Amino acid sequence: MPRVLWFSGAAGEAGTTSVVLNLAVTLAREAAPRVLVVDANAERPSVAEKFAIPKSAPGLGEVLSQQIPLAWAVQASTIPNLQILPAGTATPASAATFAQDMPKLIDQSRQWYDWVLVDGGVWSGTADRDGLS
């Protein structure tokens, strides 16, 4: 059964992204499952940068605003079995439908991946995001 873990920090600079990425790399290397890291931290996205994915790459923002399909936004990493869904560009449309569309996106991801790890940013940053956590 695919597993989903949502990580939120108590404050900025809490190291949430580091924890998510360390777990993702460990899972992908040791257990060899298909792992997806989702950067849902629109305020301070940094997952793409850690994997040298261009900031201009489409991501979660474009998927939630239905500009592109999920499969087109997912980026390969240099780690076998590990893929990244960068934050992309948040839009008013993606922010307005976040609480409604994010669970659908996670359900879809669970069909393709054994682990879905979400970097949810800082707790209390966004009410919709906190509700999903």
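Every value quoted in this text rests on a predicted model; they were computed, and no experiment measured them. Numbers for residues simply follow the sequence, beginning at 1.
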Are [X] and [Y] close enough that some pair of their side-chain heavy atoms sits under 4.5 Å apart?
| X | Y | answer |
| --- | --- | --- |
| R110 | V4 | yes |
| V116 | L5 | no |
| L60 | D39 | no |
| V47 | V38 | no |
| L27 | L117 | yes |
| F7 | V118 | no |
| W72 | V63 | no |
| N81 | Y113 | no |

Could you measure the distance from the [atom1] atom of [X] to the [atom2] atom of [Y]? Nearest 0.5 Å is fine.
| X | Y | atom1 | atom2 | result |
| --- | --- | --- | --- | --- |
| D107 | M102 | CG | CE | 11.0 Å |
| Q67 | T89 | CD | OG1 | 8.0 Å |
| S77 | L82 | OG | CG | 3.5 Å |
| S65 | D101 | OG | CG | 9.5 Å |
| F51 | Q83 | CZ | CD | 11.5 Å |
| R34 | D114 | CZ | CG | 4.5 Å |

Where [X] and [Y] come nearest, the two heavy atoms and their spacing:
| X | Y | answer |
| --- | --- | --- |
| A42 | A90 | CB-CB, 4.2 Å |
| P58 | P86 | O-CG, 3.5 Å |
| V37 | V20 | CG1-CG1, 3.9 Å |

Residue pair L70, S109: steps toward the side-chain contact (heavy atoms from CB on, under 4.5 Å) verdict:
CA-CA 9 Å; L70 175 61; S109 299; 3.7 Å; yes
CA sep, side-chain torsions, deciding dist, call: L64, L105, side-chain contact (heavy atoms from CB on, under 4.5 Å): CA-CA 8 Å; L64 292 178; L105 183 137; 4.3 Å; yes
